[in-house]
Amino acid sequence: MSGVGDPTLADALRAAVGDRHVLLDADLRAPYEIDWTRRFGAPARAVVRPGSTAEVAAVLRACGAHRVAVVPQGGNTGLVGGGVPRGGEVVVSLTRMRDVGEVGALGQVEVAAGATLTALQARAAAAGLDAGLDFAARDSATIGGIVACDAGGTRALRHGTARARVVGLEAVLADGSIVRRMGGLAKDNAGLNLPALLIGSEGTLAVVTRVVWKLVPRLPARVAALVPLPDAASAVSLFAALIAEAPSLEACELMGDAGMELVLAHLRRERPVPRAPVYVLAELAARRDPTDELAAAFARAGIEDAAIADDTTSRERLWTLREGHTEAISARGVPHKLDVGVPLAALPGFLERLPDVVAGACPGAHTIVFGHLGDGNLHVNVLGPEPADEAADDAVLELVLACGGAISAEHGLGVAKARWLTAARGADEVAAMRRIKAALDAGGMLNPGVILG
Ligand code: 2HG
Ligand code: ZN
């Protein structure tokens with residue numbers, strides 16, 4: 001499909017956001033129509049770029065009147081196809097709405113949906129505080145998308161996922177009505193908590209337009225350590241030792257040999273520790289030097305070999321090895337990405353069985369695993385299968401469920417995993433979700449195909 005198809009819809013969209021912000025031309029639409037992995041996307045009917053909440057509402061009313069579905073989009077860094085069209089929708093890009101307010105005395109800041117995580121982090125730092133959320137796509141990922149997917153990242157271990165940071169939310173519902181609870185109150189139990197329902201709903205129930213974000217104290221004394229380990233069980237033991245000895249623990253990440261070798265080659269870097277099957281990257285953050293806590297955890301776990309970084313430059317060099325995974329993998333092909341949760345007790349067994357399970361489904365596939373060990377959140381990346389071949393995806397998700405895990409931990413279900421929802425949640429729970437969807441979006445206008453299939 002190309003062009004808006006219906007000239008009266010085009011006129012209504014122009015009336016809503018202004019001529020310049022309705023993109024109909026295929027070349028102009030193109031960057032909004034394909035996802036970061038290059039696995040998902042299709043032509044949109046139009047891309048519109050509202051500049052305010054009122055304009056978002058006007059766009060939804062126009063699309064509703066013309067019975068045209070809408071795909072909300074932020075920085076387009078999603079990895080499950082939830083922010084790009086499936087074919088013929090109107091993409092509502094929030095990136096013009098990017099103001100970040102002043103930080104209040106209580107460490108709260110009002111942020112528009114299209115502001116990047118980097119912009120929020122910069123505003124927090126200028127006020128002597130910290131956003132309490134971080135991940136590699138920070139320069140492009142936007143707050144609206146982060147909240148819509150309840151993103152987690154590397155600091156969720158300490159500060160929780162996006163949900164824990166949101167103390168106020170404004171969103172436009174499918175019919176153009178506006179839910180607004182921006183008071184930043186810690187306690188407000190008047191009626192159902194609609195904002196809580198909208199967080200993590202992946203644009204299927206509303207378009208998030210603004211949030212009040214609760215910042216956390218800035219902790220300047222930081223130490224990071226990269227630890228080579230013989231197996232996943234040792235990694236889990238190290239995490240247990242860190243939990244016991246290091247109250248300053250902020251991040252505890254896992255990498256496997258395959259991913260580490262790929263990143264080292266991609267970045268042309270030397271391995272900073274001896275080669276090992278598994279690596280843990282941990283970071284401690286406090287007001288005063290937390291190195292003693294790290295030493296105590298290492299003693300408890302019997303760790304003797306590690307690269308320690310206690311200045312910003314060397315810490316960042318260690319983190320590049322972890323954050324470089326996504327780019328290094330993408331440089332090798334179009335990956336199948338399985339963002340999953342596995343209970344820590346089951347994690348070594350999961351990782352042991354994974355290679356056989358993937359090979360059984362897709363002989364010759366190359367599997368790279370890394371992720372947020374402390375949250376039991378693994379990123380299983382499979383290279384080799386064609387984009388539409390789901391055999392390896394299915395095999396991995398089956399194993400996840402057999403281990404008592406979660407088929408999505410922090411990226412969302414998108415369209416990639418929607419057909420697995422019933423297996424994960426059961427028919428009754430999915431039926432309840434469908435009733436909520438029907439109540440808030442009777443016409444099925446918002447992000448069809450995402451979550452509920
Ligand atoms: C990360 O933790 C992101 O780096 C991306 O969630 C994970 O690329 C991935 O699979
Ligand atoms: Zn992640």
Side-chain angles (χ1 to χ4, degrees), residues 35-40 74-83 116-118 132-142 145-163 200 202 226 250-256 258-260 262-263 266-267 279-283 316 318-342 347 351 354 358 365-385 387 392-393 396-397 400 405-414 416-417:
D35 83 319
W36 195 89
T37 67
R38 312 183 296 279
R39 192 176 165 208
F40 302 103
N76 199 5
T77 57
L79 301 172
V80 287
T116 62
L117 178 55
T118 296
L133 186 97
D134 196 22
F135 52 80
R138 58 184 77 79
D139 290 344
S140 311
T142 57
I146 285 169
V147 170
C149 296
D150 190 16
T154 50
R155 317 283 156 164
L157 178 62
R158 183 152 183 179
H159 303 295
T161 62
R163 180 182 296 283
E202 300 185 42
L226 180 68
E250 182 154 299
C252 188
E253 302 282 304
L254 179 92
M255 292 165 278
M260 180 64 93
L262 205 62
V263 172
H266 186 69
L267 297 176
Y279 304 86
V280 165
L281 173 59
E283 179 156 317
E316 279 171 0
L318 288 187
W319 273 102
T320 336
L321 298 177
R322 165 61 182 83
E323 294 192 342
H325 273 65
T326 304
E327 295 261 2
I329 293 165
S330 201
R332 292 293 170 105
V334 176
H336 289 240
K337 286 186 175 286
L338 289 313
D339 156 54
V340 299
V342 179
L347 193 135
L351 288 175
L354 187 65
V358 174
H366 185 52
T367 306
I368 299 137
V369 188
F370 59 101
H372 315 287
L373 174 66
D375 305 320
N377 177 191
L378 297 176
H379 298 309
V380 179
N381 280 240
V382 183
L383 283 170
D393 305 49
V396 173
L397 295 181
V400 165
I407 61 166
S408 167
E410 60 168 6
H411 294 175
L413 292 177
K417 296 184 199 154

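Side-chain atoms are counted along with the backbone in the values below, which use heavy atoms only and exclude waters and symmetry mates. By convention here, the first residue in the shown sequence is residue 1. Everything numeric in this text was worked out from a predicted model, so none of it was measured. Whatever order the structure lists ligands and atoms in, that order sets their numbers, starting from 1.
Annotation: atom 2 (O) of ligand 1 to nearest protein heavy atom, R322 NH2, 2.7 Å. The protein atom (non-hydrogen) at minimum distance from atom 6 (O) of ligand 1 is H411 NE2, 2.7 Å. With respect to atom 5 (C) of ligand 1, the closest heavy atom belonging to the protein is T326 OG1, 3.5 Å. Counting only heavy atoms of the protein, atom 9 (C) of ligand 1 lies nearest to K337 NZ, 3.2 Å.
The distance from ligand 1 to the heavy atoms of F370 drops below 4.0 Å at these ligand atoms: 4 (O), 7 (C), 8 (O), 9 (C), 10 (O). For ligand 1, the atoms sitting less than 4.0 Å from at least one non-hydrogen atom of E410 are 2 (O), 6 (O), numbered in the order shown with element in parentheses.
A donor-acceptor pair is defined here as one N or O able to donate and one able to accept, closer than 3.5 Å; no such pair exists between the side chain of N381 and the backbone of H336.
Only the side chain of H372 comes within 4.0 Å of ligand 1, counting heavy atoms alone; its backbone N, CA, C and O stay farther away. The residue F135 has no part lying near ligand 1, judged by heavy-atom distances below 4.0 Å. No part of H325 comes within 4.0 Å of ligand 1, judged by heavy-atom distances. Using a 4.0 Å cut-off between heavy atoms, D339 makes no contact with ligand 1 at all.
Residue R332 qualifies as open at atom CZ: its count of foreign heavy atoms under 6.0 Å is 12 or below.
For the residue pair P335 and T37, the shortest heavy atom distance occurs at CD-O, 4.4 Å. Across E410 and G153, no two heavy atoms sit closer than the pair OE1-N, 2.6 Å.
Between H379 and H411, the two ring planes are parallel [angle under 30°; tilted spans 30° to 60°].
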Candidate pair T154 and D134, rule side-chain hydrogen bond (donor to acceptor under 3.5 Å, both in side chains), full reasoning:
CA-CA 6 Å; T154 50; D134 196 22; 4.6 Å; no
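Residue contact annotation: H411 places no N/O/S atom under 2.8 Å from the Zn ion (ligand 2).
Put simply, the residue from L254, L281, T326, L321 that forms a side-chain contact (heavy atoms from CB on, under 4.5 Å) with F370 is T326.
Classification of R322 and E283 as a salt-bridged pair fails, no side-chain N sitting under 4.0 Å from a carboxylate O.
Computed with the Zn ion (ligand 2) at the centre, the E410 OE2 to H372 NE2 angle is 90°, stated to 10 degrees.
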